[in-house]
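Reading through the structure tokens given below for one structure.
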Amino acid sequence: MKATGIVRRIDDLGRVVIPKEIRRTMRIREGDPLEIYTDREGGVIFKKYSQLGDVSDFAAQLCDTISRVAGLPAVITDRDSVIAAGGVPRREVVDKRVSSQVEQVMEERRSVQTDQPMPLCDGGEKYRVLIAVPILSEGDVLGCVAFVSDGDAPALGDVELKLAQAVAGFLGRHMES
């Protein structure tokens, strides 16, 4: 555990304020679910909760399948990082933080198909997003499904966009149950 030197008091309702600097650094937004852990020494640990993290093995199988069908690398992200990949070495992308451009696509809740690919990960220029479709469940953004390229961007059509939309819709519905 890393000490921050910041001290906060618990109010009369049992609440504690997480400082703005930490929320910004950890990308914690209003309404984000946090998991609470305790350790043997009396520590309390807050960790961002990812609903899609619970289905990462299933998401990896989906990525492998749609990557083979489309002939393109595919990834599934939660709101912060890549959780599954198909058609690319997993160690290069899985658990890497998504770029601010991918975050923006999710926040705007819109599907994107672009000729000027955006970076998939923060600080990673190798893989670029060609298509990104947000995963929505009960009105909340959980992550996105994306097709990526590691070189020249091939021309993609409506079929690849519809495939990404179908997988994002399926995952969104799956998370509701």
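Everything numeric in this text was worked out from a predicted model, so none of it was measured.
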Check: Gly139 main-chain N/O paired with Arg109 side-chain donor or acceptor under 3.5 Å: yes
N/O donor-acceptor pair under 3.5 Å between Arg128 side chain and Val148 backbone: no
4.5 Å side-chain heavy-atom contact, Leu120 and Val93: yes
Exam field: side chain Ser137 to backbone Gly172, donor-acceptor pair closer than 3.5 Å: yes
Min side-chain heavy-atom separation Leu156-Ile131 under 4.5 Å: yes
Results of side chain to side chain contact (heavy atoms under 4.5 Å, CB included) for Arg90 - residues two or more places apart only: Ala60, Asp64, Ala85, Val94
Ile6 reachable from Leu34 in the ILVMFWY side-chain graph, under 4.5 Å edges: yes
Partner set under salt bridge (charged side-chain N to carboxylate O under 4.0 Å, His left out) for Glu103, not counting sequence neighbours: Arg27, Arg29
Verdict with supporting geometry, Cys121 and Arg97, side chain to side chain contact (heavy atoms under 4.5 Å, CB included): CA-CA 6 Å; Cys121 300; Arg97 183 172 260 178; over 6 Å; no
Ser67 side chain vs Leu72 backbone, donor-acceptor pair below 3.5 Å: yes
Check: Arg173 main-chain N/O paired with Glu176 side-chain donor or acceptor under 3.5 Å: no
Taking every non-hydrogen atom, the tightest pair across Pro119 and Ser99: O-OG, 2.6 Å
Check: Ser56 side chain, Ile83 main-chain N or O, donor-acceptor pair, under 3.5 Å: no
